[in-house]
Protein chains: 2
Amino acid sequence: MDAGWDYERFKAFTCADDDDIDTFRRLAGPTIGLKRGEILRMQGAPDPQVYILLSGWVACSIIVGESARQIVKVHLPGDLVGMPSLAAPTACDTIEAVSAAKLGVIETAAIGQVFSSNPRLAALLFLVSQQERVVLMERLASIGRTSAASRIAALILELRTRLRRNDPTIENVVPVPLTQEDIGDMTGLTPVYVNRTLRQLRTSGIATWRRGVITIDDRDALAVLAALPQSPERDTSWIPSRRG
Amino acid sequence: MDAGWDYERFKAFTCADDDDIDTFRRLAGPTIGLKRGEILRMQGAPDPQVYILLSGWVACSIIVGESARQIVKVHLPGDLVGMPSLAAPTACDTIEAVSAAKLGVIETAAIGQVFSSNPRLAALLFLVSQQERVVLMERLASIGRTSAASRIAALILELRTRLRRNDPTIENVVPVPLTQEDIGDMTGLTPVYVNRTLRQLRTSGIATWRRGVITIDDRDALAVLAALPQSPERDTSWIPSRRG
DNA sequence: CGACTTCTTGAGGAGACTCAAGGGTGGTGG
DNA sequence: CCACCACCCTTGAGTCTCCTCAAGAAGTCG
């Protein structure tokens with residue numbers, strides 16, 4: 001744990017080993033602290049940077065029209081934040097702290113260095129991006145083609161799965177610092193309707209989401225409701241080995 | 001043009017130069033031909049491969065529940081197809097030909113080789129993935145937060161922009177081999193409502209979509225309706241140079 | 001020319017939204 | 001320690017966008 005960065009989390013996320021971690025750690029620059037609700041950078045800001053989330057949660061969102069907001073990703077500790085804007089002159093999304101958070105800045109040039117000097121780590125970064133694409137694709141399918149209850153069920157299961165990578169002891173009680181408005185912005189619903197849908201999940205004995213804590217009462221029913229495949233593990237055999 | 005692969009298209013797409021192209025060309029294996037409607041591989045199929053689209057259009061979709069389909073990406077010639085499933089033991093999406101199409105197979109191991117032997121090209125592949133993420137994020141915002149008319153407007157503009165990379169002479173007449181059902185599966189709408197929305201766009205003098213051809217009548221109005229930022233160009237200064 | 005897919009339009013219904021008001025909860029300052 | 005304030009949650013009533021079901025027309029391919 002250097003400057004609070006949860007390396008174990010990052011290792012699990014990328015299948016990186018200790019040497020990879022060492023290499024990567026050297027990339028992280030100064031640390032930034034954010035209070036809940038604080039904005040790290042706005043969509044459209046010039047010269048976007050890449051960050052690594054050390055602690056807390058941040059949300060990346062896109063503003064549509066005058067006021068509508070769509071959260072495209074909530075990041076948990078260990079996540080790389082801001083990669084999609086890597087090659088853009090201006091940021092394509094807004095990064096905002098959902099809870100108090102700390103981030104390390106990663107110079108864009110350092111990413112290029114990884115590709116030159118550490119092909120294995122570069123491939124791991126590439127792989128992480130593919131996984132992020134899959135998550136986005138599944139969220140797209142969820143929002144485009146399912147009911148409010150299904151979208152929220154899928155969200156609950158996604159958060160549970162991701163949090164379990166950090167903390168394998170998590171089972172049916174999942175701490176989540178999102179407001180109902182945040183949930184709406186993630187699922188494409190209004191806060192009012194999120195509230196009604198949560199009540200429906202609660203009264204039907206499937207899940208209870210209250211005061212920042214989800215309690216899953218019937219995981220099978222939740223999975224059926226979500227209607228999305230639970231992705232299995234990854235195959236990393238194609239990644240270059242360290243010596244070769 | 002080797003085996004019909006539009007290298008110029010790929011070069012424009014990735015900012016790759018001739019040497020990069022040469023390297024990449026060696027990766028492409030056997031060519032596969034598909035008729036319209038034919039499925040290359042189903043979601044859940046084991047050992048997914050990566051392809052390069054040589055000609056025609058293919059769609060990647062996710063099945064939700066019993067019958068609902070969400071198209072997460074339509075690919076144009078030059079695109080890399082199937083990357084998101086790269087590290088998964090089973091394919092996360094179904095690849096289907098929207099029009100007659102040809103694809104080259106790319107061995108998974110060859111991708112790893114690129115990372116070992118050609119960091120510059122690896123970085124370009126990485127960059128392309130980030131761009132794909134941005135496109136997904138914007139589609140997510142569109143579907144999650146805008147009306148049917150806005151979604152279709154955004155789709156029209158996205159297709160126009162991408163096709164113009166292939167053929168810069170395209171202005172207001174855009175050839176698009178998608179059925180109204182396909183449009184619905186891309187935008188999260190039913191085919192019936194797509195039809196009504198297209199009529200609405202037509203009668204309000206914004207755009208006409210008929211028989212595989214979009215005619216844009218008022219591009220400014222279309223952009224306002226789409227309500228999404230038109231992304232500017234990329235900054236690739238961080239990519240490793242060939243010698244260095 | 002015939003079979004099939006795709007498009008078009010109508011009528012009715014439901015899921016999600018908007019507007020509005022009241023009740024909790026936690027944080028801050030006196 | 002209490003009171004106030006801001007934020008968030010909760011619920012009701014009414015509306016509208018979009019969906020479902022259905023049938024026929026138009027286009028396309030063999």
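This one's a predicted model, so the numbers in the text were calculated from it and none came from an experiment. Convention: sequence-line order gives letters A, B, ...; per-chain numbering from 1.
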Checklist line | Pair A:R145 + B:D185: basic N to acidic O under 4.0 Å | finding: yes
Next item on the list: Decide, yes or no, whether a salt bridge links B:D93 with B:R41 under the criterion of side-chain N to carboxylate O below 4.0 Å.
Entry: yes
Check: Just how far, in rounded Å, is C1' of D:dT20 from CZ of A:R145?
Finding: 13 Å
Check: Between A:L189 (CG) and D:dC9 (P), how many Å, whole number?
Finding: 14 Å
Checklist line | Residue met sooner reading DNA chain C from 5', once A:S147 and B:R36 are mapped to nucleotides | finding: B:R36
N/O to N/O distances under 3.5 Å, protein versus nucleotides 22-26 of chain D:
none

Check: Between B:Y193 (OH) and C:dA14 (P), how many Å, whole number?
Finding: 18 Å
Check: Over how many whole Å does the gap from A:L178 atom CG to D:dC8 atom P extend?
Finding: 12 Å
Check: Is any side-chain N or O of A:T190 closer than 4.0 Å to OP1 or OP2 of C:dC17?
Finding: yes
Next item on the list: Whole angstrom is fine here: how far is it from CZ in A:R210 over to P in C:dG24?
Entry: 12 Å
Next item on the list: Please report, rounded to the nearest Å, how far the C1' atom of D:dC19 is from the CD atom of B:Q180.
Entry: 16 Å
Next item on the list: May I ask you to decide if B:I183's main-chain N or O and B:T187's side chain share a donor-acceptor pair within less than 3.5 Å?
Entry: yes
Check: Can B:S129 and A:Q130 be counted as having a side-chain donor-acceptor contact under 3.5 angstrom?
Finding: yes
Note to self: So that I can tick it off, tell me whether A:E181 and A:R69 are bridged by a salt bridge, with the cut-off set at under 4.0 angstrom between side-chain N and carboxylate O.
What the structure shows: no
Notebook entry, point to check: Taking for each residue the nucleotide of DNA chain D bearing the nearest heavy atom, is the 5' side occupied by A:R196 or by B:G188?
Noted result: A:R196
Notebook entry, point to check: Taking the side chain of A:R199 as heavy atoms from C-beta outward, which of D:dC9, C:dA16, D:dG12 is closest to it?
Noted result: D:dG12
Next item on the list: Classify the side-chain pair A:N195/A:Q180 by whether it contains a donor and acceptor separated by less than 3.5 Å.
Entry: yes
Notebook entry, point to check: Any salt bridge between B:D79 and B:R162, counting N to O under 4.0 Å?
Noted result: yes
Note to self: Tell me the interatomic distance from A:E181, atom CD, to C:dC17, atom C1', rounded to whole angstroms.
What the structure shows: 15 Å
Margin query: Using the side-chain heavy atoms of B:N195, tell me which of these nucleotides is nearest: C:dT18, C:dT8, C:dG15.
Written below: C:dT8
Check: On DNA chain D, nearest-nucleotide positions of A:P191 versus B:T146: which is more 5'?
Finding: A:P191
Notebook entry, point to check: Whole Å only: how far is the CG atom of B:D182 from the P atom of C:dT5?
Noted result: 14 Å
